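Take a look at the structure below.
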Amino acid sequence: MGQSASTVAGAQNRIKFRSSPVISSMKDSDDSEDVVDAFDVGDFDYSSNIPDECLACIFHFLSSGDRKNCSLICRRWLRVEGQSRHRLSLNAQSELVSVVPLIFSRFDSVTKLALKCDRRSASIGDEALVLISLRCRNLTRLKLRSCRELTDAGMEAFAKNCRGLKKLSCGSCAFGAKGMNAVLNNCSSLEELSVKRLRGITDGAAAEPIGPGVAGGSLRIICLKELYNGQCFGPLIIGSKNLRTLKLFRCSGDWDKILEVIAEQVSALVEIHLERLQVSDTGLAAISKCPILEILHLVKTPECTNNGLTTVAEHCKLLRKLHIDGWKTNRISDEGLIAVAKNCPNLQELVLIGVNPTCASLEKLATNCLNLERLALCGSETVGDPELSCIAAKCTALRKLCIKSCPVSDQGMEALAGGCPNLVKVKVKKCRLVTSESADWLRTTRGSVAVNLDTPEPENPDASASDGGVPEVGNENRQVAGQVRGVNMASSSTGRSNSFKARLGLTTGRNLVACTFRRWSSFGGSSSSRNN
């Protein structure tokens, strides 16, 4: 059915566009060919009737690259794109200081800024940071990476100009405790602080205490990574009365005593991550005094045992997510897991790496934790076909299952076909006894279940092999790291490539399950939307 000629003619008469006066005046005054008015066709500018506010909303749905392309369309789009851009990431080399006024004359509404410098280049200094703070007084988020020329004085000037800062993340920077205290004393709205390898902190007893300042009442999240003297942040953690999340990764020193004080002073903790930290059952006993704790990660803390885990389980009955990397020390086993099963009925996610559970603890977890939806078992020598059959028969709420480097076979995969009625995804990695035929059969039998199976590569007979996934990764990484040491890192891209591969390998075993569950996190009614 086509339209009549009169209908088409009427539609054409109703569609009338005016030429944009802004564009027309710019065309008359400037003949530059750098910016092309692509939408000015004859006497019609098809974008002139779109208000600036609507155009800005459209730009917010585009990627950074697409926004850059749109800014080249015409001068109006260039202006609107710059004024509506709230996020900006800049190469923070020393040359940036000369163009800061130009950049922030165009991008005058930036609230989230990232300044990243290459490790081999000279970074921006205090002058550039102060200029930025004068141009971006509404800044709420700042990320600093490898800005080694920044000093305490520069951070203090920045903090005084940007008092509305809500999130600060700094890594591999050279300023010290005075600069950090300046931020905490001036930014009363600071909610999230992430610090990694802050090189300016004084070693030993002379280290200046950090915090809490005026930010103590607003901080919700504190994350400390790879700090040689991270315990100088103790006053900040203790003084943050509304702290909800505490993450400590690879920070030296004994943390038991600090955790005891934290537990007495901070009662609102909901999430705690401890990785490669010197903490024992004494520290876990302190954590057990956090009554509303919901998320606990214990990663490679070899001094933590069943006793500490039992204490946490008995007092933290709201626990929803539990990640344990036992590092194959066998100090956390069925005893601690049974205590979790008896006392934590709200458990939804359980990740066990290098831990050896048996049917005894798995059955208790399945029976008592009726909301258990995500389960990962990695590098467990005791998880075989009987344990997988137990999971299939008992874990009725299970939706996501990850098995890595465990002695399961096709028989265990067959058990999954008749169990776990709510199962939607199965990942099986480095399980040499599981064949692709059983995975195909499971896909056919359970059409609604996504089955992800990797095919193990043949072993090198000359290389030492391990049945456990995590130690195997470590062995490979030591070989790669040994090769990288012999390369001149300042020479060419080959050295950088090898270094990158080595760092990637070192983190593979630790991050596999975390990445898996980040992808799985959007399940059912508990999905979380990502803020763009």
Side-chain angles (χ1 to χ4, degrees), residues 144 152 155 159 168-185 187 190-290 293 295-304 308 311-312 325 327:
L144 300 173
D152 293 333
M155 291 301 297
L168 173 63
S169 175
C170 53
S172 301
C173 294
F175 62 88
K178 290 183 179 179
M180 187 59 64
N181 277 325
V183 173
L184 298 173
N185 290 330
C187 302
L190 192 66
E191 297 178 355
E192 184 173 346
L193 177 65
S194 178
V195 182
K196 180 178 181 181
R197 290 197 297 267
L198 193 62
R199 302 178 180 181
I201 298 179
T202 307
D203 296 340
E208 179 181 345
I210 295 177
V214 297
S218 60
L219 271 170
R220 300 291 187 273
I221 300 173
I222 295 178
C223 178
L224 307 178
K225 295 183 179 181
E226 299 178 20
L227 295 175
Y228 177 73
N229 204 7
Q231 295 186 1
C232 63
F233 283 86
L236 172 62
I237 301 173
I238 296 168
S240 301
K241 305 301 182 181
N242 297 312
L243 191 66
R244 304 276 292 177
T245 301
L246 176 62
K247 299 180 181 181
L248 303 174
F249 300 99
R250 301 178 295 281
C251 295
S252 61
D254 187 354
W255 285 84
D256 282 342
K257 293 182 179 180
I258 294 181
L259 288 174
E260 288 178 338
V261 181
I262 291 172
E264 293 176 358
Q265 300 293 328
V266 184
S267 59
L269 278 171
V270 174
E271 183 175 356
I272 296 178
H273 294 228
L274 306 177
E275 179 175 331
R276 295 245 187 170
L277 214 65
Q278 185 179 340
V279 60
S280 66
D281 289 344
T282 303
L284 293 184
I287 290 175
S288 69
K289 297 178 182 178
C290 302
L293 187 68
I295 302 173
L296 177 62
H297 288 207
L298 297 175
V299 179
K300 297 179 180 177
T301 53
E303 296 182 29
C304 296
T311 305
V312 171
D325 186 342
W327 223 358

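Just so it is clear, the structure is predicted and the values come from calculations on it, not from any experiment.
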Item to complete: To the nearest 0.5 angstrom, please state how far the SG atom of Cys304 sits from the CD1 atom of Ile287.
Response: 7.5 Å
Practice prompt. Please determine which of Leu274, Asn229, Val195, Leu224 meets the side-chain contact (heavy atoms from CB on, under 4.5 Å) test together with Cys251.
Written response: Leu224
Discussion item. Rounded to the nearest 0.5 Å, what separates atom CG in Leu193 from atom CE in Met180?
Written reply: 5.5 Å
Response to the item:
Taken to the nearest 0.5 Å, the spacing of Leu248 CG from Ile272 CD1 works out to 8.5 Å
Practice prompt. For Asp152 and Phe175, indicate whether the former's side chain and the latter's backbone hold a donor-acceptor pair under 3.5 Å.
Written response: no
Practice prompt. Check whether any side-chain N or O of Asp325 sits under 3.5 Å from a backbone N or O of Lys300 as a donor-acceptor pair, and report yes or no.
Written response: no
Worksheet item: Of the non-hydrogen atoms in Ser288 and Val312, which two are nearest, and what is the gap between them?
Response: CB-CA, 3.8 Å
Worksheet item: Which atoms form the tightest heavy-atom contact between Ala286 and Ala263, and what is the distance?
Response: O-CB, 3.0 Å
Worksheet entry | Residue among Glu226, His297, Arg276, His273 satisfying side-chain contact (heavy atoms from CB on, under 4.5 Å) with Phe249 | His273
Fill in: Gly217 backbone acceptor or donor facing Asn242 side chain under 3.5 Å
yes
Discussion item. For Asn185 versus Gly213, what's the shortest heavy-atom pair and its separation?
Written reply: OD1-CA, 3.3 Å
Worksheet item: Shortest non-hydrogen contact from Ile238 to Gln265?
Response: CG2-CG, 3.5 Å
Fill in: From Ile237 atom CD1 to Ile210 atom CD1, the distance as rounded to the nearest 0.5 Å
10.0 Å
Item to complete: Decide side chain to side chain contact (heavy atoms under 4.5 Å, CB included) for Leu284 and Thr301; before the verdict, give the C-alpha distance in whole Å, the side-chain angles of both, and the deciding distance to 0.1 Å.
Response: CA-CA 11 Å; Leu284 293 184; Thr301 53; over 6 Å; no
Worksheet item: Is any side-chain heavy atom of Arg199 less than 4.5 Å from a side-chain heavy atom of Ser172?
Response: yes
Discussion item. For Glu191, is there any backbone N or O sitting under 3.5 Å from a side-chain donor or acceptor partner on Ser218?
Written reply: no
Discussion item. Under a 4.0 Å threshold between the charged nitrogen and the carboxylate oxygen, would Arg250 count as salt-bridged to Glu275?
Written reply: yes
Discussion item. Would the distance check show the side chain of Thr245 and the main-chain N or O of Glu271 forming a donor-acceptor pair, the cut-off being under 3.5 Å?
Written reply: no
Fill in: Spatial distance of atom CG (Leu259) from atom CG (Asp254) [nearest 0.5 Å]
9.0 Å
Worksheet entry | Lys257 atom NZ: more than 12 heavy-atom contacts under 6.0 Å | no
Fill in: Shortest non-hydrogen separation from Ile222 to Leu243 and the atoms involved
CG1-CD1, 3.6 Å
Practice prompt. Give a yes or no answer on whether the side chain of Asn181 reaches the backbone of Pro209 with a donor-acceptor pair at less than 3.5 Å.
Written response: yes
Worksheet item: Roughly how far, to the nearest 0.5 Å, is NZ of Lys178 from CE of Met155?
Response: 15.0 Å
Discussion item. Restricting to non-hydrogen atoms, name the atom on Glu303 and the atom on Val279 that form the minimum distance, rounded to 0.1 Å.
Written reply: CB-O, 3.5 Å
